[in-house]
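Before any comments, here is the structure.
In this text the structure is predicted, and so the values were computed from the model without any measurement. Protein chains get the first letters and strands the later ones, always in sequence-line order, with residue 1 at the start of each.
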2 protein chains.
Amino acid sequence: MNEFEAIRAFFDWPTTHTELGVGDDAALCAVPDGQLLAISSDMLVAGRHFFADVDPESLGHKALAVNLSDMAAMGATPRQFTLALALPTMDTDWLTRFAKGLRRTASTFQCDLVGGDTTAGPLNISITIMGEVAKGQALKRSGAKVGDDLYVTGALGAARLGLWYRTQRLRHALPQASAAAAIQAMDWPVPRVALGLALRGVASAAMDLSDGLAGDVRHMAKASQCHAEVHLSDVPVAPCVLQAQGINPALFATQGGDDYELLFAASPEQRDCIQTISTTLAIPITRIGTMRAAVAGADVSFVSPDGRDISDALQGFDHFASDPVQQASAP
Amino acid sequence: MNEFEAIRAFFDWPTTHTELGVGDDAALCAVPDGQLLAISSDMLVAGRHFFADVDPESLGHKALAVNLSDMAAMGATPRQFTLALALPTMDTDWLTRFAKGLRRTASTFQCDLVGGDTTAGPLNISITIMGEVAKGQALKRSGAKVGDDLYVTGALGAARLGLWYRTQRLRHALPQASAAAAIQAMDWPVPRVALGLALRGVASAAMDLSDGLAGDVRHMAKASQCHAEVHLSDVPVAPCVLQAQGINPALFATQGGDDYELLFAASPEQRDCIQTISTTLAIPITRIGTMRAAVAGADVSFVSPDGRDISDALQGFDHFASDPVQQASAP
């Protein structure tokens, strides 16, 4: 099977809202008047973002889910994506399963696969996603105001626990149900697309948590020229993380990557509305802090239950970090 | 330097026609009413599409140029691109030069870098490009009609000769000027963007030549449900290929990849118009054959000067091919 046959066999799916899909030099899509195009790219590298022997079906899902999460974070409706794929060998069994996971998630979120590239090379999955958001409605990182509440969706730390479990970094045994939940969170993240759409006109700023709350909240604070004050005891921690022994659950959860929950800011006037959204979508939304006036040299304070600022001990994930703790948190 | 600092240092350039560029969860772009969005992705892998020790400046250029070539092939105006980059190490000297080459070409073609991803991993460059083309004006592969002329721009085979020269596959010495021209063609391809725009309303079908004329013309014939008849003696061969000893220039040129010239079909009524475009843009355009009625089991005939059909001996480049000749034609 050559690359053209592979594309036809595995990735030439019917599109539902695209003028021209896979097979030409470029795809063609319409963007309705009054809408902006939202664009984001994520690259997943074997041995770095996933284990080379991971279930290909979950990998197909996750590669798209992390991009869908970026659409959610902008309040955009996902529309199309391209897939550039480097494969060590033309393994049709692997491709069948990868395509199955990818296609199901694409179908769930009505996101058309419109093109891409397939080549030989070290396993690498690069997806670019496109969505639509009405002009003036996008949820930027930069829109938070002093006095805004800070929220996160869902609960944090489960995917990081899955990674630690799989790499045998945990010093204590994990209950079986917790291990399963952690692995599930790591391999099958759920992008908060409906929630992102619901937050348009409600949130003043939003982003998704991919590198850990501790680092990501700094990005929002900096972009919004505010100082984020986060109460560590209010950070929602995934139940499986609470079950783990030998770690500090709240500290562990704020430093994990791969959560794909949303972090957002909103005026206190929106509290009732946010409660309604949480109830309607059955997604927990937790207020974790407040946007304060900018402070020179510090974008964020993480306040511990005893009132101390422990921000210096917390960092997000950096793919090039040389600190061994950070390195170890990548596969 | 971490990944966020690297993005700021090397890839956070001012945009000229983009609502929101690098730095948020997604970029935001407007697509004018009446225009379709054209989208294409290309992934370049070290050791496969380029040598790992290639001049990073030319690599930055080429990574974007091959995507610009896809816009040219659709008759689309390039507007934005995203860059996903996997790097073995955070080599700031390499990044400086890569970004320099990329930025100059982006600026030349007024194509805004709007986002992407930077991660550690085996060297891999994945670019997704977006452009605009008025509804109904895109140059698809599928539009060729029986009786249309077939054309190629420029001359073919130089980039392939550069590859053979660099990998020491040539059995005879190449004149120094020819070697320089071949390497130039391989490392610094010129996307035919202005020509693609000029062909809107003139060409019935178009595509760019990235995998070699022999294979690419099959794709157009198949998409257009025609049979392409190509006269081998009419195929324009790059002067440096004509200088090379020990190869058949025309056969060599039709099987080379990386030409990034345009292949297009047009009604014979357009001959004068095409001549004018060629003169105006100072780009040679050569008529190489004709679209015939579809023939079962054969998408293309390559007719040799003595009238024989030598199609079976010709193939385009396939990244997964196991034929050693094909494999050897990749770096």
Between B/Cys29, B/Ala30, B/Ala6, B/Ala206, the one whose heavy-atom pairs under 4.5 Å with chain A are most numerous =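 Counting heavy-atom pairs under 4.5 Å, the top option is B/Cys29.
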ask   = In terms of heavy-atom pairs under 4.5 Å, which option from B/Ser69, B/Pro32, B/Gly34, B/Gly116 contacts chain A the most?
value =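 That would be B/Gly116.
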task = Check step by step if side chain to side chain contact (heavy atoms under 4.5 Å, CB included) holds for A/Leu85 and B/Met43.
result = CA-CA 8 Å; A/Leu85 187 60; B/Met43 178 177 263; 5.8 Å; no
ask   = Is B/Leu28 close to A/Lys135 at the side-chain level, that is, under 4.5 Å between some pair of heavy atoms?
value =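 No - every pair of side-chain heavy atoms lies 4.5 Å or more apart.
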ask   = Going through the checks in order, is the salt bridge (charged side-chain N to carboxylate O under 4.0 Å, His left out) test met by B/Asp24 and A/Arg141?
value = CA-CA 6 Å; B/Asp24 216 304; A/Arg141 296 181 179 189; 3.8 Å; yes
When heavy-atom pairs shorter than 4.5 Å are enumerated against chain B, which of [options] gives the highest number?
options	value
A/Asn124, A/Leu20, A/Val114	A/Asn124
A/Ile39, A/Asp42, A/Asp70, A/Val133	A/Ile39
A/Ala76, A/Gly115, A/Ala223, A/Ser126	A/Ser126
A/Glu19, A/Met71, A/Gln35, A/Met74	A/Met74
A/Ala73, A/Ser40, A/Ala26	A/Ala26

key: Where A/Val45 and B/Pro122 come nearest, the two heavy atoms and their spacing   =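 Smallest heavy-atom distance, with atoms named: CG1-CD, 3.8 Å.
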task = For A/Met130 and B/Leu37, work out which heavy atoms get closest and say how close.
result = SD-CD2, 4.3 Å
ask   = Side chain, backbone, both or neither: which part of A/Met220 has a non-hydrogen atom closer than 4.5 Å to chain B?
value = neither
task = For the pair B/Glu132 and A/Val31, evaluate side chain to side chain contact (heavy atoms under 4.5 Å, CB included) and give the outcome as yes or no after the intermediate values.
result = CA-CA 11 Å; B/Glu132 287 169 18; A/Val31 179; over 6 Å; no
note = Which of B/Asp117, B/Thr128, B/Thr82 passes side chain to side chain donor-acceptor pair (under 3.5 Å) with A/Ser41? It is B/Thr82
ask   = Rounded to the nearest 0.5 Å, how far does CG of A/Asp25 lie from CG of B/Asn67?
value = 11.0 Å
message = Within the supplied structure, the quantity of interest is the number of heavy atoms (other residues, nucleotides, ligands) at a distance under 6.0 Å from A/Gln225 CD; does it exceed 12?
response =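 No.
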